[in-house]
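Here is the naming used below: chain letters follow the sequence lines, and residue numbers restart at 1 for every chain.
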Number of protein chains: 2
Amino acid sequence: MELYAERGFDATTVAEIAERAGLTERTFFRHYADKREVLFAGATELQELLVRQVDQAPAGMPAMDVIGAALTAMATEMFAEGHDYARQRQAIIMANADLRERELIKFAALGAAVAESLRRRGVTDPAASLAAEAGIAIFKVAFERWVSDTGQRSLAQLMLDSMAELRLVTHPEELASDESSG
Amino acid sequence: MELYAERGFDATTVAEIAERAGLTERTFFRHYADKREVLFAGATELQELLVRQVDQAPAGMPAMDVIGAALTAMATEMFAEGHDYARQRQAIIMANADLRERELIKFAALGAAVAESLRRRGVTDPAASLAAEAGIAIFKVAFERWVSDTGQRSLAQLMLDSMAELRLVTHPEELASDESSG
DNA sequence: ACTCTGATGTCAGTGACTGCCATCACTGTA
DNA sequence: TACAGTGATGGCAGTCACTGACATCAGAGT
């Protein structure tokens with residue numbers, strides 16, 4: 001992380017990382033599948049947490065409500081890791097095309113895992129996929145705001161906001177008077 | 001494409017591709033940014049077509065309707081490339097993690113471009129992003145079905161189906177009697 | 001014949017990643 | 001203590017994607 005922040009991702013060699021970490025290049029690749037994985041090590045925990053939330057949601061709850069509850073729960077529990085750390089990591093990721101790719105694959109894996117969890121709840125197949133994708137979209141928007149924001153609002157709150165906005169988009173006939181002000 | 005299909009993506013070296021194509025390895029990299037790009041060369045055209053459709057949609061049309069019209073138009077115009085070719089390419093892509101990553105980045109670029117196009121129409125920022133993401137989700141589901149299907153139904157029809165299903169997920173209160181039968 | 005330009009070939013190099021084998025710390029067993 | 005097994009690590013050589021620098025060559029214009 002230090003080296004990536006100092007000189008950028010591309011300009012950092014695995015040999016340098018290994019040296020700074022006090023181990024061999026060979027050993028580095030035994031811990032991380034590739035150079036990028038250093039930045040995405042926590043993604044699996046995040047996925048497990050989200051899936052657990054969906055699995056444990058009360059039966060009969062509508063799919064999007066389950067998603068919403070899981071997302072806000074994740075936002076509260078998970079991102080105690082710190083706003084600054086998340087921001088630095090995100091800056092590194094956004095500065096490099098390969099890292100952006102890897103981030104997308106992580107999101108996709110998240111979506112797939114959530115969809116599978118929804119299916120376990122009895123949600124039918126297209127609905128499960130679409131609800132999961134919508135959830136990921138909500139998460140992306142909220143997370144992006146949280147990172148680029150000065151840090152005033154909590155990730156959980158931003159998650160709720162972005163969820164409400166998705167409803168506005170897909171249910172335009174429900175809107176009262178919000179259209180002209182947004 | 002031949003080599004990828006014959007012996008797999010990983011087992012195919014750029015040197016082999018260059019030899020089969022009758023050119024140098026160096027020249028290959030002048031045409032394609034990397035080894036994967038061979039399979040995604042057509043993605044830019046697809047993106048331009050989609051953006052053009054959104055840009056040219058009548059003013060005042062709701063965002064999701066614009067997306068829907070653009071997607072079906074794209075489905076009709078674009079995928080005259082052939083079902084078999086698309087299926088072979090998709091098999092190659094799904095068999096390799098790096099290729100799946102690249103596909104996701106292409107989808108993300110598509111989404112970003114569509115969102116930008118929606119913003120040019122005056123759609124406000126969160127709505128534009130979310131509508132675009134929803135459009136991509138619709139496209140993914142429809143495309144996946146089209147590829148894995150025996151080829152009976154057109155991509156355009158599958159696109160309409162998946163779009164209707166997204167509405168069902170996000171507007172559960174509208175459903176008439178479909179829930180128990182799906 | 002000359003020049004300019006763009007596409008290609010040639011060559012050497014960097015760096016990510018892998019396979020193979022030796023080493024070493026640690027654990028359980030006699 | 002001695003011994004064997006196991007898991008993590010180091011060391012080393014190799015493959016291969018990808019890049020930069022330079023030479024070459026074909027075609028267009030003059």
Side-chain angles (χ1 to χ4, degrees), chain A residues 1-45 47-48 85 88-109, chain B residues 1-45 47-48 85 88-109:
Chain A
M1 278 289 300
E2 292 172 12
L3 287 169
Y4 288 164
E6 282 173 21
R7 62 188 75 176
F9 180 79
D10 278 335
T12 305
T13 68
V14 175
E16 290 167 344
I17 301 174
E19 189 190 355
R20 175 83 59 109
L23 40 80
T24 328
E25 197 172 340
R26 192 65 189 87
T27 306
F28 172 87
F29 283 113
R30 287 203 181 90
H31 289 279
Y32 299 102
D34 58 62
K35 200 182 156 188
R36 294 171 284 177
E37 201 61 20
V38 185
L39 295 159
F40 299 99
T44 44
E45 305 172 42
Q47 177 173 320
E48 285 165 9
Y85 177 80
Q88 186 186 30
R89 193 187 53 191
Q90 205 62 16
I92 295 171
I93 291 172
M94 293 317 273
N96 181 277
D98 286 341
L99 293 176
R100 289 197 295 273
E101 288 200 26
R102 176 57 60 93
E103 191 184 33
L104 287 171
I105 247 246
K106 292 294 180 186
F107 276 127
Chain B
M1 279 291 298
E2 292 172 12
L3 287 168
Y4 289 163
E6 281 172 24
R7 64 187 74 176
F9 180 79
D10 278 335
T12 305
T13 69
V14 175
E16 291 167 342
I17 300 174
E19 189 189 354
R20 175 82 59 112
L23 40 81
T24 328
E25 199 173 338
R26 192 67 187 84
T27 305
F28 173 87
F29 283 111
R30 287 202 181 92
H31 288 280
Y32 298 100
D34 58 60
K35 198 182 158 187
R36 295 169 284 175
E37 202 60 21
V38 185
L39 294 159
F40 300 98
T44 43
E45 306 171 41
Q47 178 172 321
E48 286 166 9
Y85 178 80
Q88 186 187 27
R89 193 187 55 191
Q90 204 62 15
I92 296 171
I93 291 173
M94 293 317 273
N96 181 275
D98 286 341
L99 293 176
R100 289 197 294 273
E101 287 200 27
R102 176 57 60 93
E103 190 184 34
L104 287 171
I105 247 246
K106 291 296 179 183
F107 275 128

Solution key, residues 16-32 of chain B side-chain donor-acceptor pairs under 3.5 Å, sequence neighbours excluded:
from, atom 1, to, atom 2, distance (Å)
B:E16, OE1, B:R7, NH1, 3.2
B:E16, OE1, B:T13, N, 3.0
B:E16, OE2, B:R7, NH1, 2.9
B:R20, NH1, B:E2, OE1, 2.6

Within this structure, what is the CG-to-C1' distance between A:D98 and C:dG15, rounded to whole angstrom?
13 Å
From CA spacing to verdict: side-chain contact (heavy atoms from CB on, under 4.5 Å), B:F9, B:L3:
CA-CA 8 Å; B:F9 180 79; B:L3 287 168; over 6 Å; no
Listed nucleotide nearest any side-chain atom of A:R26, set C:dC20, C:dC17, C:dT10:
C:dC20
Using atom names, set out every protein N or O paired with an N or O of nucleotides 6-8 of chain C below 3.5 Å, distance rounded to 0.1 Å.
from, atom 1, to, atom 2, distance (Å)
C:dT8, OP2, B:H31, NE2, 2.8

Let me confirm one number: the OH-CG distance from B:Y4 to B:N96, rounded to the nearest 0.5 Å.
9.5 Å
Considering only NZ, NE, NH1 and NH2 on the basic side and carboxylate oxygens on the acidic side, decide whether B:D34 and B:R102 come within less than 4.0 Å.
yes
Taking CZ from B:F28 and C1' from C:dG9, how many angstroms apart are they, rounded to a whole number?
16 Å
Tell me: CD of A:E37 to P of C:dA16, nearest whole Å?
16 Å
For the pair made of CD1 in A:I17 and C1' in C:dG15, what is the distance, rounded to whole Å?
12 Å
5'-most to 3'-most nt of DNA chain D touching chain A (<4.0 Å, heavy-atom partner on protein side) reads D:dT9 to D:dC12
Pairing of A:E101 and B:K106 as salt bridge, 4.0 angstrom limit
no
Check whether any side-chain heavy atom of A:I105 lies under 4.5 Å from a side-chain heavy atom of A:F40, and answer yes or no.
no
Spacing of CZ belonging to B:R36 relative to CD belonging to B:E103, to within rounding of 0.5 Å:
12.5 Å
Given the rule in the side-chain contact (heavy atoms from CB on, under 4.5 Å) test, do A:I92 and A:M1 qualify, once you have shown the distances and angles that lead to the verdict?
CA-CA 9 Å; A:I92 295 171; A:M1 278 289 300; 4.1 Å; yes
Nearest whole angstrom, please: distance from the P of C:dT14 to the CD of A:E25.
14 Å
Whole-Å distance between C:dG15 P and A:E19 CD?
14 Å
I'd like to know whether A:F107 forms a side-chain contact (heavy atoms from CB on, under 4.5 Å) with B:L104, so could you lay out the CA-CA distance, the side-chain angles of the two residues, the decisive distance to 0.1 Å, and finally the verdict.
CA-CA 10 Å; A:F107 276 127; B:L104 287 171; over 6 Å; no
Where each residue is assigned the nucleotide of DNA chain D containing its nearest heavy atom, which of A:G22 and B:T12 is assigned the position nearer the 5′ end?
A:G22
